[in-house]
Amino acid sequence: MSATSSCRICDDTVHEFIDFGRQPASDAFVTPGEEAQEFFFRLAVGICQTCDMVQLMEEVPREKMFHEDYPYLSSGSSVMRAHFEGLARRFLNTELTGDDPFIVELGSNDGTMLHTIAQAGVRHLGVEPSGGVAELAATKGIRVRKDFFEESTATAIHSSDGAADVIYAANTLCHIPYMASILRGVTTLLAPNGVFVFEDPYFGEIVERASFDQVYDEHFYFFTAGSVDEMARRHGLELVDVERLPVHGGEVRYTLARPGARQRSAAVTALLAEEEAARLTDPATLADFRTRVEKNRDDLMSFLREQRELGRRVVGYGATAKSATVTNYLGIGPDLVSFVCDTTPAKQGRLTPGAHLPVRPPSAFHEEYPDYALLFAWNHAEEIMAKEQAFREAGGKWILYVPTVHVV
Ligand code: SAM
Ligand code: TMP
């Protein structure tokens, strides 16, 4: 691959290893009649030759993604609600036990995590630029600053509220290209013995499962323990812990602290060694990933075309941001997948970005079961299959496309 860009962590050269072509903003659901105004960019991924950070080749302006109408709701999954409640309780029992502790969450969305903290009466602040979801959190009694977190925001919060014992971000840090400003902000705001904890999709899982749909505009970085270790060091922080998480198709929770403030856990050393042994970021591994992704693409397209020829009906399940990559990379239109059902009110009645599949509420799925449901929300498979058992009992089947195309 010859295309290059400049690394957002260390300024050296990023070499492209996979290209998904022209793509829309993944959460920009289209009002019927407004298709002509859609924004597109080139979605491709590369790796920095120096710091090994995997990142998008092109950046989408943040205002195109995170605004008043940003539709994603953290509370849309019962598994994720339990996940965040468990973590909030852990923070309350470990990091937030001193006198008047303070926690800041970046990308607090509708307040699913901070809800438990607020109920415990602990000082907190959510930083959330997307107005609609920020207001939802505020109505739950959560303190929210409607803003993008960056260095200036951190300085302002430090002046008004003092240092934070915990700075936390779930599925948000990997969305933010301007990392130098973020990490300067973290070092400004963090208490001397505080922790910066963030969790995001793990590149090791993406490679293993060929889960190419984790690549979309909002996922700018694809972290590994190695690249986070290096990124932390360059910005005056230290990677002190890692934890594998089963959610969202396989994530890692990273804990950063000031150098020497915390002891590095054995889990960090083990994950770094695992990545080395797997040659996770070697060109040969990345080339093999691309080959497997291209096979998944071709297999899924053949399967869908075959169903169309046989007169079978296929419906999509979960109008995920991930599904924008799948539908636009493969060229899936309403002739192959008649609509996508989704519980999110702001997505219903609209068209999926780029591919323009209608989004309908789950009742449309229940009214007339299709022959197949293409599970775009495969990361919530257990939860969804459990509540849609009647679909299987009526003879319906699920189509999955990671790690390979298969029907269950
Ligand atoms: N943390 C929630 C979760 O895990 O369900 C929400 C994740 S959502 C995919 C990403 C969130 O990050 C959005 O609500 C978006 O508005 C927010 N966001 C984007 N850039 C941000 C920034 N610079 N500072 C704080 N939040 C940001
Ligand atoms: P996510 O994979 O980014 O969490 O997005 C999941 C999408 O799937 C979100 O739009 C909500 C939707 N969804 C349903 O429609 N039904 C469900 O049962 C679950 C868990 C999610």
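Computed from a predicted model, the values in this text were never measured in an experiment. Every number for a ligand or one of its atoms is a count from 1 in the order of the listing.
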Query raised in the report: Closer than 4.0 angstrom: is that true for some heavy atom of Met80 and an atom of ligand 2?
Result: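 Not so, Met80 does not reach ligand 2.
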Report task. Give yes or no for whether the N/O distance cutoff of 3.5 Å, strictly under, is met between Ser108 and ligand 1. Result ->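 For ligand 1, there is no N or O atom that lies under 3.5 Å from one belonging to Ser108.
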**Report entry** Arg62 N/O to ligand 1 N/O under 3.5 Å
**Finding:**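 N/O-N/O distance below 3.5 Å does not exist for this pair.
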Residue, atom name and distance, where the atom is the protein heavy atom closest to [atom]:
atom	result
atom 8 (O) of ligand 2	Asp342 OD2, 3.5 Å
atom 3 (O) of ligand 2	Tyr72 CE1, 3.3 Å
atom 18 (O) of ligand 2	Lys387 NZ, 2.4 Å

Would you tell me which option among [options] has the nearest heavy-atom contact to [atom]?
atom	options	answer
atom 19 (C) of ligand 2	Ala377, Gly76, Gly318, Ala386	Gly76
atom 4 (O) of ligand 2	Lys347, Glu383, His380	His380
atom 8 (S) of ligand 1	Tyr70, Phe198, Phe148	Tyr70
atom 19 (C) of ligand 1	Tyr178, Phe220, Phe66, Phe84	Phe66

Which bit of [X] gets closer than 4.0 Å to ligand 2, counting heavy atoms only: side chain, backbone, both or neither?
X	answer
Ile384	side chain
Thr343	both
Phe376	neither

Report task. Show which atoms of ligand 2 fall inside a sub-4.0 Å distance from at least one heavy-atom site of Thr320. Result ->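 Those atoms are 2 (O), 5 (O), 6 (C), 7 (C).
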Query raised in the report: At a 4.0 Å threshold, what atoms of ligand 2 neighbour a non-hydrogen atom of His248?
Result: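 So the atoms of ligand 2 that pass are 4 (O).
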Query - Mutual orientation of the aromatic rings belonging to Phe391 and Trp398 [parallel < 30°, tilted 30-60°, perpendicular > 60°] - result: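 Perpendicular, since the angle between the ring planes exceeds 60°.
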Query raised in the report: Can you tell me if NZ on Lys387 sees more than 12 non-hydrogen neighbours from other groups inside 6.0 Å?
Result: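 Buried by this count: over 12 neighbours within 6.0 Å.
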Report task. Using atom types as modelled and distance alone, determine if a side-chain donor or acceptor of Glu383 lies under 3.5 Å from a backbone N or O of Val79. Result ->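 Side chain of Glu383 to backbone of Val79: a pair is present.
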**Report entry** Numbered atoms and elements of ligand 1 in range of Tyr72, under 4.0 angstrom, heavy atoms
**Finding:**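 Answer, ordered by atom number: 5 (O).
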